[in-house]
Amino acid sequence: LFLYDLFFTIGHVVMHKFPPLYRILHARHHEHARVQALDTVRLTFIDGAFDTACSILAVNLFKTHPLTRAVYNVVIIFLLCELHCGFNGPWMLSNLIPFGLVGGSYEHYMHHKTARGHYQKFFTYADRYLIPWGGAIEWLTRSRFERS
């Protein structure tokens, strides 16, 4: 899960920081500022393939047992449903797991609302530690006149 989250976060930051990629590949997922259950599958083909490839790569790197993969898939589906449910109840993982390690529905809502920050899918470690890298991407995508 952690590795998948890392792969996804890197690609997600790239999609958001490069306007042509965002417009072509990812904007469809952000059609609504309010998070809805259908947003889980409101993806372009390439966006969905990228998401799936991150998951497959993470699982294949560890050469996991088929039963582990099955459990992994169930957990991923649960977490995706929780992210896109539009609620932030006290029973949510983001409110049960301490130290803000899990982003949760509210952070995902803020990402949909602003299309900035909160790029991680499930956990917050990738978003926290990739912010300098995300800033570097933002700097590189500006024109040379804006950089100075």
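Since the structure is predicted, the reported quantities are computational estimates derived from the model, not experimental observations.
To the nearest 0.5 Å, atoms CD (Q120) and OH (Y125) are separated by 10.0 Å. To the nearest 0.5 Å, atoms CD1 (I56) and CG (L61) are separated by 12.0 Å. Here the CD1-CG distance, from I46 to D51, works out to 13.5 Å after rounding to the nearest 0.5 Å. Separation of atoms NZ (K17) and NE2 (H12) is listed at 11.0 Å; rounding is to 0.5 Å. The distance from atom NZ of K63 to atom OG1 of T68, rounded to the nearest 0.5 Å, is 14.5 Å. Between the CZ atom in F7 and the CZ atom in F50 there is a gap of 10.0 Å [rounded to 0.5 Å].
With S105 contributing its side chain and N88 its backbone, the two residues share no donor-acceptor pair below 3.5 Å. For the pair S94 (side chain) and V102 (backbone), a donor-acceptor distance under 3.5 Å is absent. Side chain of D5 to main chain of F123: a donor-acceptor pair is present (N/O by atom type, distance under 3.5 Å, no hydrogens or angles).
For the pair E107/L83, no side-chain contact is recorded, criterion being any heavy-atom separation below 4.5 Å from C-beta on. Using a 4.5 Å cut-off on side-chain heavy atoms (C-beta onward), L93 and F122 make no contact. Contact of the N60 side chain with the R69 side chain is registered, since non-hydrogen atoms from C-beta on lie closer than 4.5 Å. Annotation: side chain of Y72 is not in contact with side chain of T64 (no heavy-atom distance under 4.5 Å). Two residues are said to be in side-chain contact when any heavy atoms from C-beta on lie closer than 4.5 Å; F78 and N73 fail this criterion.
If you check the side chains of K121 and Y4, you find a donor sitting under 3.5 Å from an acceptor.
Hydrophobic clustering, with ILVMFWY side chains joined whenever heavy atoms are under 4.5 angstrom apart, groups V75 together with L101. Taken together through direct or relayed side-chain contacts under 4.5 Å among Ile, Leu, Val, Met, Phe, Trp and Tyr, V74 and L79 form parts of separate hydrophobic clusters. With hydrophobic clusters built from ILVMFWY side chains whose heavy atoms lie under 4.5 angstrom apart, I97 does not share a cluster with F87. The hydrophobic clustering, which links ILVMFWY residues whose side-chain heavy atoms are closer than 4.5 Å, places L1 and M92 apart. In the hydrophobic clustering of this structure, F45 groups with M15; members are Ile, Leu, Val, Met, Phe, Trp, Tyr whose side-chain heavy atoms approach within less than 4.5 Å, directly or through other members.
In summary, the aromatic rings of Y119 and F8 are positioned with their centroids too far apart to meet the 6.0 Å limit.
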Evaluation steps, side chain to side chain contact (heavy atoms under 4.5 Å, CB included), between L3 and L57: CA-CA 9 Å; L3 199 54; L57 179 63; over 6 Å; no
